[in-house]
Trainee: 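Below is a structure I'd like to ask you about.
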Amino acid sequence: MAEHIFVGTSAGYGFVVTYQNVFKPMLFDKLKDAGSEPMNLILIIPLIGGIMLLFKLSRKNNWVARYPLSFMVGVGSGMGITNVIKSDVISQVHAIIFKNPMWISGDIWTSLFNILYVVAVLTSLLYFFFSAEHKGAIGKTARIGIWFLMISFGAAFGFTVMARISLLISRVQFLLEDFLGISL
Amino acid sequence: MLEFLKKIDRRVIYLCIALSVIIPMLVGVEFPVPTSPMTDQVYEAFNNLEPGSTVIISADYDAGSQAEIQPMTLAILKYCFENNIKVIVLGLWPLGANLVENALYNDKVKISPDRAKALIAEGKKVFVISKDTASCEMTIEERDGKFVYVDEREEGKDGEECLAFSPEDSYYVKGVINAIDREVKPGIDYLNTGYKAGQVVVITQMLEDVVGALETDISGEPIKDMEIVKGLKTINDIDLIFSLSSGTPGAKEWVVYANGKKNVPVACGVTAVSATEFLPYLNSGQLSGMLAGLAGAAEFETATGYDQGKATEGMSPQSFAHLVIILFIVVGNIIFLLEKKKS
């Protein structure tokens, strides 16, 4: 029952927020003739697109929803692909080659860490290279990659534990201080 | 013994974790919170800003991640206002901007007893929870040169003199705006533009026209004539973007679009779960710093000297809970190895 109430409340809240912040100011208000600002008739196009999306609910006519959906996917891809490639691939490779020189004279620890970093990247990538059988040198290097992957999963798990404990701490702080009025 | 440990009820483990969180809070154990390099980078990013600089705080979180992100919001707002940095808030998540508004006007901001005295003298409303006030929230006022309790329930302590401002009691004000010395003026020092629908589209619009993309403040008033946005055209007029992020859209989108396309410095405060996802951006310099979870917030409080912060308060239970978890992992592994040896 608590789950149903939570889902219902969230959906209701989401609808009201979306109506007040999106539909009303960005669509309905602009389709009205407000005197100083004329009607923005071009907004009828996204309105029709939005209505077409609702056809996803119909078994018979759900093909109608594919048109606005494909438009959205196309725009999203067009906007995203070049930027994501730049930030997630080019900038990363650039940083590993040029920005952080592997050997820094006088700073042996950072230098060793940088070398380890490059080894970790290469061996981990090799683990996902399936065009050659993981035997011999490739197999051994891929096994080193598994170790690095395990360490990174461990770090992610550690952060997850911290996040969950933080939620508990917040609730306990609320119960002790706000609810019971105990000075902490 | 081995059999007992093997069959230990999971509810015993839950109880141990609960006690490891509750007891340190009640006893008031304190641990030092040293700062990590990624938190130092965030502090440096803010510290390098000149007074009068403009920062965008993108509130990309909601109630589910409030426990980790809200302490960051409080500490960052306080730092910005104390150092005369202008703050423009927007929310790429529906609830985010409202949570920042809460931090500004409603959330508890703990203060030291000396600070409490000073703020009461300034006429600000200071609340107190202490053994003296029988476990209820009261305000303190200065009447005829004396500090007295104001019991709004009209019973008990009303009018009684508050003699000892003890560090064991909790003093706080409501909202960051009441915890700082200077007056923060909406539209001049601070602007909350509320939830902006459109996700990435909002960011891409802001790259060329910040005011046009944000359009109105949280109450629906147009922002184009407000003083805080004077001279603000493109995203390059912003000195730092700080994304309080717990998912998509959030810090990643700011890195990809604002930093990737326009080279604007971006820093972030993220939930601990997503922290590892952002480490590559930090190492490559695409992020100017990162606060990771409640620990990151506590470290930022240490860096800025806000030792009364909510995050710092949560660090000792956090450490004890981690110790208990480590203990259980070690015990579990010992049992596993002994079992293996036996078989």
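Order of the sequence lines fixes the chain letters, A, B, ..., with proteins taken first and strands second; residue numbering starts at 1 for each chain.
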Trainee: Using the side-chain contact (heavy atoms from CB on, under 4.5 Å) rule, take A:Glu177 and B:Lys110 through it: C-alpha gap first, then chi angles, then the decisive distance, then the call.
Mentor: CA-CA 12 Å; A:Glu177 207 167 33; B:Lys110 277 203 176 166; 2.9 Å; yes

Trainee: Measure distances from A:Tyr13 to the heavy atoms of chain B and classify the residue's part below 4.5 Å as side chain, backbone, both or neither.
Mentor: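 The side chain, not the backbone.
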
Trainee: Please check if the number of heavy atoms outside A:Ile42 that lie under 6.0 Å from its CD1 is greater than 12.
Mentor: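 Check fails, neighbour count at 12 or below.
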
Trainee: Does any heavy atom of chain A fall under 4.5 Å from the side chain of B:Thr271, the backbone, both, or neither of them?
Mentor: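 B:Thr271 has no heavy atom closer than 4.5 Å to chain A.
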
Trainee: Scan side-chain atoms only and decide if B:Gln66 and A:Ser170 contain a donor-acceptor pair under the 3.5 Å cut-off.
Mentor: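 No - no donor-acceptor pair under 3.5 Å links their side chains.
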
Trainee: side-chain contact (heavy atoms from CB on, under 4.5 Å) for B:Val273 and A:Phe159? Distances and angles first, verdict last.
Mentor: CA-CA 5 Å; B:Val273 175; A:Phe159 271 120; over 6 Å; no

Trainee: Answer with side chain, backbone, both or neither: which region of B:Gln199 has an atom nearer than 4.5 Å to a non-hydrogen atom of chain A?
Mentor: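 For B:Gln199, neither part sits under 4.5 Å from chain A.
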
Trainee: Does this structure show an ion pair linking A:Arg164 with B:Glu68, if we count only N-O contacts that are shorter than 4.0 Å?
Mentor: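 Between B:Glu68 and A:Arg164 there is no salt bridge, as every charged N stays at least 4.0 Å from the carboxylate O atoms.
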
Trainee: Is there a side-chain contact (heavy atoms from CB on, under 4.5 Å) between B:Leu294 and A:Met162 once you walk through the steps?
Mentor: CA-CA 8 Å; B:Leu294 194 67; A:Met162 189 168 87; 5.8 Å; no

Trainee: Could you tell me whether a side-chain N or O of B:Gln286 sits under 3.5 Å from a main-chain N or O of A:Ser87, the two making a donor and an acceptor?
Mentor: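 Side chain of B:Gln286 to backbone of A:Ser87, a donor-acceptor pair under 3.5 Å: yes, one is there.
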
Trainee: Drop me the distance from B:Lys108's NZ to A:Gln173's CD, to the nearest 0.5 angstrom.
Mentor: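 Those atoms lie 9.5 Å apart.
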
Trainee: Keeping B:Lys261 on the side-chain end and A:Asn83 on the backbone end, is there a donor-acceptor pair under 3.5 Å?
Mentor: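 It does not hold such a pair.
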
Trainee: So do B:Ile325 and A:Ile165 actually touch side chain to side chain, heavy atoms under 4.5 Å?
Mentor: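 In contact.
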
Trainee: Between chain A and each of B:Ser274, B:Gly314, B:Gly293, count heavy-atom pairs under 4.5 Å; write down the option with the most.
Mentor: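 Between B:Ser274, B:Gly314, B:Gly293, the count favours B:Gly314.
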
Trainee: Tell me, for B:Ala63 versus chain A, whether the close heavy atoms (under 4.5 Å) come from the side chain, the backbone, both or neither.
Mentor: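 No part of B:Ala63 comes within 4.5 Å of chain A.
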
Trainee: Does any part of the side chain of B:Tyr195, heavy atoms only, come nearer than 4.5 Å to the side chain of A:Val17, both counted from C-beta?
Mentor: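 Yes, at least one pair of side-chain atoms sits under 4.5 Å.
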
Trainee: Might you confirm whether atom CZ of A:Phe130 has over 12 heavy atoms from other residues, nucleotides or ligands at distances under 6.0 Å?
Mentor: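 More than 12 heavy atoms, drawn from other residues, nucleotides or ligands, come within 6.0 Å of this atom.
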
Trainee: Please flag which part of B:Ala311 lies under 4.5 Å from any non-hydrogen atom of chain A: side chain, backbone, both or neither.
Mentor: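 For B:Ala311, no heavy atom lies under 4.5 Å from chain A.
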
Trainee: Count the heavy atoms of every other residue, nucleotide or ligand shown that sit under 6.0 Å from OH of A:Tyr127, and state whether that count exceeds 12.
Mentor: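 Incorrect, the count does not exceed 12.
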
Trainee: Measure the CG-CZ distance between B:Asn283 and A:Phe113 for me, rounded to the nearest 0.5 Å.
Mentor: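 Answer for the CG-CZ pair, B:Asn283 versus A:Phe113, is 6.5 Å.
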
Trainee: For chain A, which of B:Pro94, B:Gly260, B:Pro280 has the most heavy-atom pairs under 4.5 Å?
Mentor: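 Between B:Pro94, B:Gly260, B:Pro280, the count favours B:Pro280.
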
Trainee: Where do A:Ile169 and B:Met315 land on the side-chain contact (heavy atoms from CB on, under 4.5 Å) test, with the steps shown first?
Mentor: CA-CA 9 Å; A:Ile169 289 168; B:Met315 277 303 98; 6.0 Å; no

Trainee: Counting heavy-atom pairs closer than 4.5 Å to chain B, which one of A:Ala163, A:Pro25, A:Ala155 comes out on top?
Mentor: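 If we count pairs closer than 4.5 Å to chain B, A:Ala163 comes out on top.
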
Trainee: Provide the closest heavy-atom pair for B:Ser284 versus A:Gln92 in the form atom of the first, atom of the second, distance.
Mentor: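 Smallest heavy-atom distance, with atoms named: OG-NE2, 3.3 Å.
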
Trainee: Count the heavy atoms belonging to other residues, nucleotides or ligands that lie under 6.0 Å from CZ of A:Phe28, then report whether that count exceeds 12.
Mentor: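 More than 12 heavy atoms, drawn from other residues, nucleotides or ligands, come within 6.0 Å of this atom.
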
Trainee: To the nearest 0.5 Å, how far apart are CG in A:Leu176 and CG in B:Leu26?
Mentor: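 Reported value, rounded in 0.5 Å steps: 5.5 Å.
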
Trainee: How about CZ on A:Phe23, more than 12 heavy atoms from neighbouring residues, nucleotides or ligands closer than 6.0 Å, or not?
Mentor: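 Counting neighbours around CZ of A:Phe23, 12 or fewer heavy atoms of other residues, nucleotides or ligands fall under 6.0 Å, so no.
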
Trainee: Side chains of B:Lys252 and A:Asp88: closer than 4.5 Å at any heavy-atom pair?
Mentor: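 Side-chain contact under 4.5 Å: yes.
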
Trainee: For atom OH of A:Tyr67, is the number of surrounding heavy atoms from other residues, nucleotides or ligands below 6.0 Å larger than 12?
Mentor: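 Counting other residues, nucleotides and ligands, OH of A:Tyr67 stays at 12 neighbours or fewer.
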
Trainee: Heavy-atom count check: over 12 atoms from other residues, nucleotides or ligands less than 6.0 Å from A:Lys140 NZ?
Mentor: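 Open.
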
Trainee: Please check if atom CZ in B:Phe328 has more than 12 non-hydrogen atoms from other residues, nucleotides or ligands closer than 6.0 Å.
Mentor: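 Check passes, neighbour count above 12.
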
